[in-house]
Amino acid sequence: MSIVKHTIGRGGKFMEGIINRFSQIANRKPDKTQTLQAGENEHQQLMDAIRRTAGELEAVRSRFDLETDFDLVDACILELNSLERRYDYLIKEARRQRIAAY
């Protein structure tokens with residue numbers, strides 16, 4: 001006797017059917033359109049991250065040009081280095097996934 005049948009007891013065919021149905025749904029493979037949509041969504045998220053990082057880079061470069069305090073200039077340099085590395089990573093990832101910007 002399965003655990004499901006044992007825990008449900010007498011007259012539990014209805015609950016057993018529900019549990020079996022949930023198991024089928026949980027184990028079902030996504031169809032191709034769902035997979036394509038998920039891939040497109042990931043591509044869109046990557047493109048959004050690239051655009052967002054490029055905007056942040058532009059803002060920090062502008063701030064760097066206007067700063068006069070040594071500590072703030074140093075902070076801008078560190079932030080620029082970080083953003084440039086993130087941007088490079090995102091571009092490499094887009095190339096690896098063969099994503100083209102139109």
Side-chain angles (χ1 to χ4, degrees):
M1 182 183 293
S2 74
I3 294 174
V4 173
K5 288 181 183 178
H6 179 52
T7 56
I8 294 173
R10 234 179 337 140
K13 293 281 185 192
F14 177 74
M15 285 301 292
E16 186 178 342
I18 290 175
I19 292 170
N20 287 337
R21 182 66 182 136
F22 278 123
S23 295
Q24 290 171 353
I25 291 171
N27 294 327
R28 183 175 55 191
K29 293 181 181 178
D31 63 5
K32 289 183 181 180
T33 57
Q34 288 175 334
T35 304
L36 288 175
Q37 289 172 349
E40 290 172 3
N41 190 27
E42 290 174 11
H43 292 337
Q44 186 61 42
Q45 288 177 349
L46 183 58
M47 292 302 297
D48 290 343
I50 291 171
R51 286 186 197 99
R52 195 171 41 253
T53 303
E56 290 174 17
L57 266 169
E58 186 176 329
V60 174
R61 284 182 181 134
S62 295
R63 200 170 70 231
F64 175 79
D65 291 338
L66 300 174
E67 283 301 340
T68 56
D69 184 82
F70 178 75
D71 291 332
L72 294 177
V73 169
D74 195 38
C76 285
I77 291 170
L78 293 172
E79 194 172 354
L80 278 170
N81 286 336
S82 173
L83 287 169
E84 286 171 349
R85 281 176 181 62
R86 182 186 323 155
Y87 185 79
D88 289 343
Y89 165 77
L90 292 170
I91 294 296
K92 285 178 187 176
E93 187 63 22
R95 285 182 183 149
R96 188 185 69 74
Q97 294 182 19
R98 298 191 168 140
I99 300 173
Y102 296 99

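Computed from a predicted model, the values in this text were never measured in an experiment. Values below: every heavy atom of this structure, side chains too, minus hydrogens, waters and symmetry copies.
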So CD1 of I91 and CG of L46: to nearest 0.5 Å the spacing works out to 8.0 Å

CD (E93) and CD (Q97) are apart, to the nearest 0.5 Å, by 4.5 Å

Per-pair distances, 0.1 Å, donor-acceptor, side chain in residues 64-77, under 3.5 Å, sequence neighbours excluded:
from, atom 1, to, atom 2, distance (Å)
D69, OD2, D71, N, 3.1
D69, OD2, L72, N, 3.2

Closest heavy-atom pair, T53 versus L83, reported as atoms and distance to 0.1 Å, is CG2-O, 3.7 Å

Nearest heavy-atom approach of A94 to I50 is CB-CD1, 4.0 Å

So salt bridge (Lys or Arg N to Asp or Glu O under 4.0 Å) across residues 75-86, not counting sequence neighbours, yields E56-R86, R61-E84, R63-E79

D48 meets the salt bridge (Lys or Arg N to Asp or Glu O under 4.0 Å) criterion, sequence neighbours left out, with R51

